[in-house]
Amino acid sequence: MYRHLEHRLAQRVLECLQRRYPGVALPGVVVEQPPKVELGDFAIPIFPFAKPLRVAPLKIAETIRAEIGAMEGIAGMQVAPPGYLNISIDRAWMAAALVADQKPPTEIPPGKILVEHSSINPNKAAHIGHLRNAILGDTFVRLLRYAGREVDIQNYIDNTGVQVADVVVGFMHIEKKSRAEIEALTRQPRFDYYCWNLYARVSQWYEADKANRQLRLQTLHAIEDASTETAAVADLISVAVLRRHLETMDRLDIEYDFLPRESEILHLHFWDAAFTKLKEAGVLTFESEGKNEGCWVMRRAGTAEPNATTEDTEDTEVDKITEEDQKVIVRSNGTVGYVGKDIAYHMWKFGLLGRDFGYRKFYRYPNNHDCWISTADGEKDHPHFGDVAENYNVIDVRQSEAQNTVKEALRDLGYGEAADHFTHFSYGMVVLTPRCAAELGYNLSEEEKTRSFIGVSGRKGFGVKADDLLDQLIVSAKKEVDSRHPQLSDPERLQIATQIAIGALRYFMLKYTKQSVIAFDFKEALSFEGETGPYAQYAVVRATSIFRKAGVDPETFGQDAASQISPADLAQAFTGEAANEIWELWLASSKTSSVIEQCIATTEPAFLAKHVFQLGQLFNAFYHRHPILSEPDERQKAFLLATVAVVRRELMRCLAVMGITVPPVM
RNA sequence: GGGCGCGUAGCUCAAACGGAUAGAGCAUCGGAUUUCUAAUCCGACGGUUGCAGGUUCGAUUCCUGCCGCGCCUACCA
């Protein structure tokens with residue numbers, strides 16, 4: 001409702017100005033919140049209009065106030081120096097809408113959205129960096145679904161790359177294991193941990209004797225040919241590790257719909273179809289000399305085009321790209337690189353390739369949801385993937401240039417629409433503090449000791465594994481739950497501890513803005529106090545507890561409250577100086593849709609985490625100041641209970657979007 | 001060398017589109033529970049927003065230069 005009002009207000013103000021000053025080009029109306037509730041609920045800075053209108057800000061504000069007319073939901077407007085228009089919401093009106101949980105209809109853009117996230121190399125256990133990716137991606141999916149959008153979740157699997165090849169080398173050439181032995185190993189619990197250690201050993205083995213690297217190339221080559229024994233082993237390993245990744249992410253309530261694999265992009269010749277179109281459109285050029293002789297190259301994204309400004313229509317001569325600005329797409333030996341495959345894959349995503357994967361069911365979640373995987377020959381009946389209107393790739397910032405190159409390739413192919421709806425959801429790395437590195441027993445080199453942080457390295461086997469972190473969080477939470485609720489059964493306490501652990505982990509990964517580098521530290525990640533997931537969960541638990549003691553069901557209380565509390569009661573409750581504090585809580589509760597809209601528009605889930613914390617803070621302060629069950633005035637008591645019901649509902653909603661559930665007690 | 005990003009309190013981070021007195025958490029110190037759970041609340045302490053200019057009514061935010069740090073810049077993925 002807040003969001004609806006916000007939009008309507010901005011529109012009305014603009015209309016008012018256009019009516020009063022016709023023909024003048026005006027900047028957009030910005031709606032923000034005044035620094036204090038006493039000043040009002042919305043604030044519109046008028047300064048930007050002063051120049052184009054050639055009128056003093058205060059005077060313009062006064063004009064709007066006088067001429068805008070009545071608006072449903074708005075109680076009044078005030079002009080504030082040096083040039084703000086402050087607007088007060090009709091508190092009783094807004095509160096009644098909130099109690100009744102009214103949602104104004106919204107227009108939902110047509111078309112399906114594809115969110116690609118996780119995309120972990122299937123050669124070792126997932127670590128904290130992958131957790132950040134998956135949690136950001138999954139939360140973004142939940143944001144979109146909350147906004148009514150249809151979303152497909154894809155997890156791209158690079159099962160034929162160097163990283164898988166390295167582990168295959170480890171099994172076949174260092175450990176000299178047979179296919180049957182490897183198969184037996186894949187059935188052991190946490191096979192991905194085994195691979196984690198082996199992968200680190202392979203890297204050392206390469207270091208020890210450079211000649212060993214020959215095997216990497218041979219193996220890589222063999223994997224691409226599906227008929228080889230090596231390819232069979234690689235498939236065995238990558239599928240087993242992939243399954244482990246799905247299990248790990250499922251612990252956090254993260255699910256996928258489809259797992260497209262690089263092997264199918266190769267075997268179903270996606271690239272051939274894309275290559276033809278890229279050549280026809282002149283996106284790729286053949287280099288006949290220089291260091292990239294014999295390669296098909298394209299311009300790297302972000303490098304300037306020579307005559308971008310001068311628009312000569314007749315100049316069809318292909319612009320020479322300097323070697324430095326060239327991105328090799330097809331190598332001189334005829335094989336295609338990663339960016340090329342990615343271009344083909346993205347053409348498929350937008351339904352522009354003219355080819356499709358085969359599909360088969362791969363993994364069934366406990367809730368019976370099926371996750372599909374790509375295959376050469378698939379099942380006849382399968383859901384329709386791809387052909388989407390919008391695409392978001394959750395990939396860390398190091399791939400910005402590659403992502404932009406794919407986007408520009410789409411644009412240069414003439415698919416401007418697709419390029420415009422291609423979004424690289426970029427985020428910063430998770431790194432380790434030197435203290436954390438020391439706790440993990442890692443010996444820092446002299447050079448590393450001087451740094452403020454150390455990067456996670458799968459190659460060195462250096463990092464915090466996702467399952468380990470989650471296990472540690474659960475143990476830590478369980479200790480607290482055990483001491484607080486000894487009367488509960490052990491499985492019940494474990495269940496609660498798990499919910500708290502997930503809440504802490506997901507909140508931790510979401511509270512930082514996405515571009516910031518997270519310096520991982522066990523002390524902060526394992527904290528359950530202050531700005532954390534458990535803080536917000538605890539606020540809801542307290543709210544639930546009030547209803548339990550009052551013998552009222554909070555879920556159905558809304559409808560009852562709407563009939564029991566009259567608009568006059570609400571108006572009464574929000575009058576007077578002291579009422580500002582409770583109103584602030586209602587106001588914050590009304591913002592869910594507005595905050596979620598902002599998160600989507602800016603691809604920034606951290607705003608929601610911030611909002612949840614602020615709402616929790618306001619509620620906890622309210623909780624301390626207002627004893628509810630002992631309130632003698634029945635009408636006041638009903639109002640306070642309605643307040644708790646609304647805050648509880650909105651907090652749970654926001655937490656659900658973050659993938660966080662709330663235990664019955666804490 | 002070129003490109004992208006970052007630099008805010010002791011530490012970790014906010015402040016979308018330039019706006020009202022730059023805010024939180026942690027840490028430190030001092031308080032609060034006969035009450036709906038103290039995983040909570042209240043208070044104190046803590047700032048030349050890396051440096052120097054510029055743009056303007058107004059700059060943490062935009063522009064230029066400099067300093068420091070990170071990433072990208074492979075016929076790897």
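Because the structure is a prediction, the values reported are computed rather than measured.
- Nucleotides of RNA chain B nearest to A:Arg548 and A:Ser400 differ in position, and the one nearer the 5' end is that of A:Ser400.
- Side-chain N/O atoms of A:Asn86 and base N/O atoms of B:rA20 include a donor-acceptor pair closer than 3.5 Å.
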Enumerate the protein-to-nucleotides 26-33 of chain B contacts in which both atoms are nitrogen or oxygen and the separation is below 3.5 Å.
residue : atom : partner  : partner atom : Å
B:rC26  : O2'  : A:Lys523 : NZ           : 3.1

Atom pairs, N/O to N/O, protein against nucleotides 71-74 of chain B, distance under 3.5 Å?
residue : atom : partner  : partner atom : Å
B:rU73  : O2'  : A:Arg300 : NH1          : 2.9

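- In this structure, A:Val665 reaches the bases: a heavy-atom distance under 4.0 Å links it to at least one base atom across the strands shown.
- When heavy atoms are screened at a 4.0 angstrom cut-off, A:Ile500 is found touching base atoms of the nucleic acid.
- In terms of the side-chain contact (heavy atoms from CB on, under 4.5 Å) criterion, residue partners of A:Pro554 (sequence neighbours excluded) are, by chain and number, A:Phe547, A:Arg648.
- The side-chain hydrogen bond (donor to acceptor under 3.5 Å, both in side chains) search around A:Glu529 returns none, not counting sequence neighbours.
- With a cut-off of 3.5 Å on both pairing distances, the Watson-Crick and G-U wobble pairs of RNA chain B assemble into stems of 3 or more at B:1-7 with B:67-73, B:10-13 with B:23-26, B:28-32 with B:40-44, B:50-54 with B:62-66.
- A:Ala519 comes within 4.0 angstrom of the backbone, heavy atoms only, and of no base.
- When distances run from any side-chain atom of A:Tyr535 to the nucleotides B:rU40, B:rA24, B:rU35, the shortest one goes to B:rU40.
- Residue pairs that meet the salt bridge (charged side-chain N to carboxylate O under 4.0 Å, His left out) test with at least one member in residues 39-48 of chain A, sequence neighbours left out, do not exist here.
- A salt bridge between A:Glu324 and A:Arg300 is absent, with no side-chain N of the basic residue lying under 4.0 Å from a carboxylate O of the acidic one.
- The stretch residues 52-60 of chain A has no heavy atom under 4.0 Å from RNA chain B, so no residue of it qualifies as close.
- Taking A:His485 as the reference, A:Val481, A:Gln487, A:Leu488, A:Val665 meet the side-chain contact (heavy atoms from CB on, under 4.5 Å) condition, with sequence neighbours excluded.
- Residues satisfying the side-chain contact (heavy atoms from CB on, under 4.5 Å) criterion with A:Glu581, sequence neighbours excluded, are A:Phe622, A:Arg625, A:His626.
- One finds a salt bridge joining A:Arg459 and A:Asp166 here, because a Lys/Arg side-chain nitrogen approaches an Asp/Glu carboxylate oxygen to under 4.0 Å.
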Report each atom pair, protein N/O against N/O of nucleotides 14-18 of chain B, whose distance is under 3.5 angstrom.
residue : atom : partner  : partner atom : Å
B:rA14  : OP1  : A:Thr513 : N            : 3.0
B:rA14  : OP1  : A:Thr513 : OG1          : 2.0

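- Taking both residues in full, the closest heavy atoms of A:Leu629 and A:Ile546 are given as CD2-O, 3.9 Å, listed atom of the first, atom of the second, then distance.
- Remark: A:Arg3 engages A:Glu597 in a salt bridge, criterion side-chain N to carboxylate O under 4.0 Å.
- Within the 4.0 angstrom heavy-atom criterion, no nucleotide atom of any strand lies near A:Phe547.
- Residue A:Gly83 is classed as having no contact, given no heavy-atom separation below 4.0 Å to the nucleic acid.
- Every residue was checked against the salt bridge (Lys or Arg N to Asp or Glu O under 4.0 Å) condition with A:Glu224, not counting sequence neighbours, and none meets it.
- A:His346 pairs by the side-chain hydrogen bond (donor to acceptor under 3.5 Å, both in side chains) definition with A:Lys349, A:Asn393, not counting sequence neighbours.
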